[in-house]
Amino acid sequence: MTTVNDTILLEDCEVHRGALLHFLDDPGNDPDPRQGSMAFIEDGLLITHQGKILATGPASEWLPRLPSGTAVTRWQDGLIVPGFIDTHVHMPQLGVMASYGTQLLDWLETYTFPHEARFSDVDWARTEASRFTDLLLRHGTTSALVFCTSHPQSVDSLFEAAEERSMGLTAGKVMMDRYAPDDLMDTARGSYNDSLALLEKWHRRGRQRYAITPRFAATSTPEQLALAGRLAQEHPDVMVQTHWAENTGEIDWIRELFPERSSYLDVYDHYGLLGDHTVLAHGIHINHGDRKRLAETGSRIAFCPTSNTFLGSGLFDFRNAREAGVTVGLASDVGGGTSLSMLTTMAEAYKVCRLRGQTMTPWQAFYLATLGNARVLHQDDQIGNFKPGKHADFVVLDQNASPLLEMKSAYTTTLMEALFNLMILGDDRAVAATIVAGNIRYQRSASS
Ligand code: XAN
């Protein structure tokens, strides 16, 4: 239980009551992390003050300490968990979701690039950024590492939408100066200048963080990759995000484009783009040497299961990456991904692991989507669990959200089963409410 000495704060606090669950550390393969890495209070209070977590504890101990008349928001049958965090998602690709019949390179050309070109229109960029942030909240996601388009206004629009909702996003302008339509391409120098200007405007403005965003090695000239690497070296606390080793056709192409480099990973290494602030999306077709280099440099992988199955890219080797000491996050990768829901993403991650003869416990899945992903983004001092002082970002999950969940809940006896039900059968319908910085930003209506 967390204690608060300053009773004055309790005069001016918000109180939520429900079952509370959060992680204090990585549960690994622990089949029952209850006494160590995970904390669960069946009937708990989550007390917030000025947008931050003040305390958590059993209702029986805390209710008597609250000043009389304190309003308590009671989430009947609600499971309160930290807000979900998505470590790889594309704001401009909502309209690309569910595009039929292609693999990565055709998918980019046929569906994705034409759609991203629409973001040259600033009104469209604003509309989509608002839609995207509202949808994240509806799915229980309160923070994310986000690709915008190559247009600077797509970044401004997204951060403005995040600020309006008190959310903390990490995002960047796509750098792309070859093998893309003219209306999406920048230049090496122009992309450096635009990225720097956006970084100076948005990085650490309130909750927002900038991310240096070369799309992938195929769509950047060596000069652009070198400048992206230079920007990363000049700003070591800024995240870098790109794609890597997703599709075999992509890998063949990289080999042709960079014959002088020993591997796809070596391209990024050579240009100074690896490090503990780098998130590489996918990392499916990789070998032991790659994993070793990732672990040495601290570079992270965003595991994007719904995208990898939808685009037929392949099955990420979760166990091997973890055993090699690679930090792995979990991500929706919308619009290659088929859902913004981190619950659905957990379900698909579980299935990918099963297809590889591995498993992912519900504890691991919920850890990854919360504290684990906060660690990937170096934001675990701010978000990811209910430690006092962190942002009061949390989600209320409804274990009876659909007829199937209700039926399953009726004969569920353990917490692990309850979490597994939510991740396998749940989606945005299971999100009863999303709270950001202490304010309810989404609440499911009776009819939705
Ligand atoms: N590689 C990519 N992979 C993906 O899943 N989505 C993209 O937009 C992209 N661009 C390069």
Side-chain angles (χ1 to χ4, degrees), residues 86-119 128 132 144-151 154-155 158 171-181 184-186 191 211-221 224-225 228 240-255 257-258 264-265 267-268 273 278-286 301-316 329-340 345 348-349 352:
D86 188 341
T87 51
H88 180 70
V89 59
H90 295 255
M91 179 274 282
Q93 292 184 10
L94 292 173
V96 183
M97 290 173 78
S99 293
Y100 179 75
T102 50
Q103 286 214 350
L104 176 66
L105 299 177
D106 287 341
W107 175 81
L108 284 173
E109 211 171 296
T110 311
Y111 299 114
T112 309
F113 289 157
H115 199 77
E116 290 193 9
R118 298 184 66 181
F119 286 74
E128 286 300 285
F132 175 77
L145 175 60
V146 190
F147 269 63
C148 297
T149 66
S150 48
H151 313 96
S154 68
V155 181
L158 180 64
K173 178 206 117 64
V174 164
M175 304 170 82
M176 178 159 67
D177 67 345
R178 65 174 175 177
Y179 296 119
L184 275 183
M185 273 195 294
D186 50 23
S191 71
I212 298 160
T213 310
R215 181 171 212 121
F216 70 141
T219 50
S220 286
T221 57
Q224 185 171 63
L225 289 174
V240 173
Q241 55 176 345
T242 189
H243 298 90
W244 173 56
E246 174 178 4
N247 169 287
T248 52
E250 168 208 14
I251 293 166
D252 292 342
W253 192 22
I254 300 295
R255 206 174 288 123
L257 292 172
F258 297 91
Y264 194 165
L265 191 66
V267 176
Y268 293 139
L273 288 163
T278 295
V279 177
L280 301 166
H282 308 294
I284 299 169
H285 307 284
I286 66 175
I301 292 182
F303 174 17
C304 307
T306 72
S307 167
N308 298 160
T309 52
F310 178 72
L311 290 175
S313 303
L315 305 176
F316 176 68
L330 195 58
S332 71
D333 189 29
V334 159
T338 50
S339 174
L340 283 172
T345 304
E348 201 79 348
V352 167

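Atoms within a ligand are numbered from 1 in the order they appear, just like the ligands themselves. Throughout, numbering of the chain's residues begins at 1 and tracks the sequence.
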Worksheet item: Nearest heavy atom to atom 8 (O) of ligand 1: which of Met176, Glu250, His243, Arg215 does it belong to?
Response: Arg215
Worksheet item: Do His243 and His90 make the cut of ring centroids closer than 6.0 angstrom?
Response: yes
Worksheet, complete the sentence: Between Ile212 and Met175, the two heavy atoms sitting closest are CG2-SD, 4.1 Å
Discussion item. Are Phe303 and His88, when compared by the centres of their aromatic rings, separated by less than 6.0 Å?
Written reply: no
Fill in: Atoms in ligand 1 flagged as close to Leu104, the criterion being non-hydrogen separation under 4.0 Å
1 (N), 2 (C), 3 (N), 4 (C)
Worksheet item: Got Thr338 and Glu348 here, is their nearest side-chain heavy-atom distance under 4.5 Å?
Response: no
Practice prompt. Verify whether the ring centers belonging to His282 and Phe216 lie closer than 6.0 Å.
Written response: no
Practice prompt. Say whether Glu116, considering both its backbone and side-chain N or O atoms, lies within less than 3.5 Å of an N or O atom on ligand 1.
Written response: no
Fill in: Heteroatom distance test (Glu246, ligand 1): nitrogen or oxygen, under 3.5 angstrom
yes
Discussion item. Applying a heavy-atom cut-off of 4.0 Å, say which part of Trp107 lies close to ligand 1: side chain, backbone, both or neither.
Written reply: side chain
